[in-house]
Amino acid sequence: MRVIIESDADAVAECASGFFQSLLLHKPDVVLGLATGSTPIKLYQKLIQKFQQGLLNFQQATTFNLDEYVGLEIGHPESYRCFMQEQLFRHINVRPEATHLPQVESKNLLRQGADYDEKILAAGGIDLQLLGIGSDGHIGFNEPGSSLASRTRIKALTRVTRQDNARFFNSIDDVPKLSVTMGIGSILKARRCMLLATGPAKAKAIQAMIEGSVTARVPASALQLHPDTIVILDPDAAKLLQFKDYYQDSELLQRELESTTTET
Ligand code: PGA
C-alpha cells in the first residue's frame with residue numbers, strides 16, 4: 001500500500017487529481033470507478049477545474065459508481081445518481097450513456113448485482129477505483145462482516161452508516177436501509193485502487209485498515225491484498241498511524257525515484 005500524507009484536505013484532492021490527470025492522458029478511454037460522500041467532492045471540483053482549463057478530457061471515459069441506495073424515488077436529491085450529476089457529470093464532457101450506477105429501480109434487484117459486474121467486465125475492467133472509507137471501515141456499502149470475496153449485491157446498511165449519513169436527510173428514519181454495492185471482490189479487481197480520507201472521524205478506521213489484520217470486521221483492510229492501492233490522507237485521518245514516519249520517508253523516496261525515472 002502506498003500511503004501519502006498531505007498537508008490538508010485541499011492537498012489530498014490536488015494529489016488525487018494528479019493521478020486522474022496522468023491516467024487520462026495515457027488512456028483517454030479509461031474506465032473509472034467513482035465514489036460518493038463528502039470526501040471526493042473536493043477532488044471532483046479539481047477535476048472540473050482541470051477540465052475547464054482544457055487539461056482533462058472525459059469524452060472517451062466510462063464510469064462505474066460504487067453503490068446506490070435502494071428505495072429512494074428516481075431523481076431524489078440524495079440518490080447517488082443525482083449526487084454524481086450535480087458534483088461531477090454535468091460539469092464535464094463525459095457521455096451520459098457512459099456513466100453507470102447500480103440499477104435499483106428494477107423488480108429483479110437480486111439479479112442487478114451480477115449484471116453490474118458483467119457490465120464492468122465487458123467495459124474492460126476498472127482502471128482506477130476511487131474509494132472513501134466509512135467510520136466503521138466500510139468501502140462502498142460493504143459493511144463489517146462483508147465477505148472479502150463479495151460481488152456486487154444488495155447490502156443492508158449498519159446503524160453507524162445510517163447515522164453518519166443522516167446529515168444529508170431530514171432524520172435517520174429517512175436514510176435508506178438497503179443499497180446495491182460493488183462487492184469487495186469486485187473492488188479488488190480494479191487495476192488500481194485509490195482511497196481518500198480526511199478528518200479525525202476516519203483516523204481509527206484508517207489505522208485498522210492499514211496497520212491492522214485483514215479482516216471482514218474492517219472491510220477496507222482487504223485492500224492490503226491489492227497489489228496497487230494508494231491511500232491519500234490528511235494529518236487528522238493519519239494521526240493514529242504507528243508507522244507514519246516510515247510512510248512519509250517512503251513517499252519522499254518514491255517521488256525522488258519517479259522524478260529520476262522520468263528525467264532519463
Ligand atoms: P464520507 O463517506 O466521504 O461522506 O465520509 C465515505 C464513505 O462512507 O465511504
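Worth knowing before you read on, the calculation uses all heavy atoms, side chains too, and leaves out hydrogens, waters and symmetry mates. In listed order, ligands and their atoms are each counted from 1. All figures in this text were calculated on a predicted structure; none of them were measured in a lab.
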*Does the distance from a Lys or Arg side-chain N to an Asp or Glu carboxylate O, for D228 and R191, drop under 4.0 Å?*
no
*Side chain or backbone of I133 under 4.0 Å from ligand 1, or both, or neither, by non-hydrogen atoms?*
backbone
*Nearest atoms (heavy-atom pairs only) where P200 meets D236*: N-CB, 3.5 Å
*Can you tell me the protein heavy atom closest to atom 4 (O) of ligand 1 and the distance?*
S38 N, 2.8 Å
*List the closest protein heavy-atom neighbour of atom 9 (O) of ligand 1: residue, atom name, distance to the nearest 0.1 Å.*
H138 NE2, 3.4 Å
*How far is atom 5 (O) of ligand 1 from its nearest protein heavy atom, and which residue and atom name does that atom have?*
K202 NZ, 2.5 Å
*Taking all non-hydrogen atoms of both residues, which atom of H138 and which atom of D136 are closest, and how far apart?*
N-OD1, 3.0 Å
*Can a salt bridge be assigned to the pair R81 and E68 using a cut-off of 4.0 Å between side-chain N and carboxylate O?*
no
*Below 4.0 angstrom from a heavy atom of G37, which ligand 1 atoms are there? Numbered from 1 as shown, please.*
3 (O), 4 (O)
*asked:* Please report whether ligand 1 has a polar contact with T36, defined as an N or O pair separated by less than 3.5 Å (distance criterion only).
replied: no
*asked:* Quick check: F89 with F58 (ring centres under 6.0 Å apart)?
replied: no
*Which of the atoms of ligand 1 are close to R167, meaning less than 4.0 Å from one of its heavy atoms?*
4 (O)
*Could you tell me which non-hydrogen atom of F141 sits nearest to which non-hydrogen atom of T181, and how far apart they are?*
N-OG1, 2.9 Å
*What atoms in ligand 1 come closer than 4.0 Å to a heavy atom of T39?*
1 (P), 3 (O), 5 (O)
